[in-house]
Amino acid sequence: MSEFTVTLKLAASELSDAQVARLYDALPEATAATRDGRVVVEIDREAPGFADAAVGAILDVERVLGVLVAEVEPEELVFASEIAQRTGRTKESISLLAEGRRGPGGFPAPARVAGGHKLWRWQDVLAWFAAYERDENVQHYDAAVAAINGLLAERLAMPQLTADAVEAMRRLARERDLVSV
């Protein structure tokens with residue numbers, strides 16, 4: 001099991017004091033904030049993989065708050081430990097790659113240093129792994145975020161569709177073996 005930090009963007013612009021109290025009582029590992037006009041909940045989860053962590057966080061946050069999650073927000077800046085989680089490597093392995101003591105070299109430079117800890121832009125790291133390592137674990141993380149967000153978007157859009165459009169979506173899901181909510 002690994003620990004993952006999952007950032008959830010809610011379909012709400014604010015939470016009541018009672019909702020915030022319920023969130024912190026039920027999920028003490030969660031924090032809530034408002035960013036760009038949306039409530040964002042960050043929650044730490046122990047799980048076998050990122051998808052399990054994200055789905056568990058979504059289900060728990062929605063159950064506790066009674067508010068729909070609109071999106072899983074991928075982290076733009078990541079610490080070495082987060083890179084390790086997303087790539088299925090150890091933090092030591094990432095440190096060695098970043099220092100150029102292992103691998104082909106050319107690991108991206110940190111974008112920022114906070115409290116003595118280096119932060120990298122995830123997209124830079126992703127491009128490096130794609131070019132030099134062809135690491136499937138990296139692709140799995142991004143694919144999980146995309147698939148989860150696709151399902152969440154579908155759930156929010158379906159009530160706005162006509163009955164004919166809903167049936168067309170179901171037909172597409174059946175005929176193309178897509179998951180449909």
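Values below: every heavy atom of this structure, side chains too, minus hydrogens, waters and symmetry copies.
Within the 3.5 Å criterion, the main-chain N or O of A32 finds a donor-acceptor partner in the side chain of Y24. Judged by distance alone, the side chain of T34 and the main-chain N or O of G37 form no donor-acceptor pair under 3.5 Å.
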Trace of the side-chain contact (heavy atoms from CB on, under 4.5 Å) decision for T87 with I94: CA-CA 9 Å; T87 60; I94 298 304; 3.8 Å; yes
side-chain contact (heavy atoms from CB on, under 4.5 Å) evaluation trace for L97 with F129: CA-CA 10 Å; L97 290 170; F129 274 100; 4.1 Å; yes
side-chain contact (heavy atoms from CB on, under 4.5 Å) evaluation trace for T5 with I43: CA-CA 6 Å; T5 299; I43 188 165; over 6 Å; no
Stepwise salt bridge (charged side-chain N to carboxylate O under 4.0 Å, His left out) check, R86 with E82: CA-CA 6 Å; R86 292 182 186 191; E82 181 72 15; 2.9 Å; yes
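Using a 4.5 Å cut-off on side-chain heavy atoms (C-beta onward), E71 and L8 make no contact. Counting only heavy atoms from C-beta outward, the side chains of N149 and V145 approach each other to under 4.5 Å. The shortest distance between side-chain heavy atoms of L77 and W122 does not fall below 4.5 Å. Counting heavy atoms from C-beta on, the side chains of V61 and L10 come closer than 4.5 Å. In this structure, F107 and W120 have side chains that are in contact, with non-hydrogen atoms separated by less than 4.5 Å. Looking at heavy atoms from C-beta onward, M169 lies out of side-chain contact with L178 at the 4.5 angstrom threshold. Two residues are said to be in side-chain contact when any heavy atoms from C-beta on lie closer than 4.5 Å; P104 and W128 meet this criterion. Counting heavy atoms from C-beta outward, V64 and L27 have side chains that approach closer than 4.5 Å.
Taking hydrophobic clusters as Ile, Leu, Val, Met, Phe, Trp and Tyr residues chained together by side-chain heavy-atom distances below 4.5 Å, F79 does not share a cluster with L126. V67 is connected to V69 through a chain of hydrophobic side-chain contacts under 4.5 Å among Ile, Leu, Val, Met, Phe, Trp and Tyr, so both are in one cluster. Both V125 and Y132 are part of a single hydrophobic cluster, where members link through side-chain heavy atoms under 4.5 Å apart. Cluster membership for V72 and L59, using ILVMFWY side-chain heavy atoms within less than 4.5 angstrom, is shared.
Counting non-hydrogen atoms of neighbouring residues, nucleotides and ligands closer than 6.0 angstrom, the CZ atom of R121 reaches no more than 12 such neighbours.
In this structure, CG on L23 lies 8.5 Å from OG1 on T31, to the nearest 0.5 angstrom. One distance of note links OG of S81 with CZ of R89; it measures 15.0 Å at 0.5 Å rounding. The distance from the OG atom of S16 to the CZ atom of R22 is 6.0 Å, given to the nearest 0.5 Å. The distance from the OG1 atom of T7 to the CD atom of E73 is 6.0 Å, given to the nearest 0.5 Å.
By the side-chain hydrogen bond (donor to acceptor under 3.5 Å, both in side chains) test, E46 pairs with no residue at all, sequence neighbours left out.
Of all heavy-atom pairs between A53 and A47, the closest is N-CB, 3.6 Å. When all heavy atoms of S13 and V39 are compared, the closest pair comes out as C-CG2, 3.7 Å. Minimum heavy-atom separation, E14 to Q19: O-OE1, 4.5 Å. For V41 against A30, the heavy-atom pair with the smallest separation is CG1-CB, 4.1 Å. Residues K91 and A84 approach most closely at N-CB, 3.7 Å, considering heavy atoms. Residues R35 and V40 approach most closely at NH2-CG1, 3.6 Å, considering heavy atoms.
Screening residues 108-117 for salt bridge (charged side-chain N to carboxylate O under 4.0 Å, His left out) gives no qualifying pairs among residues at least two apart or on separate chains. Counting only residues at least two apart or on different chains, the side chain to side chain donor-acceptor pair (under 3.5 Å) pairs with a member in residues 51-68 are R45-D60, D60-R63, E62-R155.
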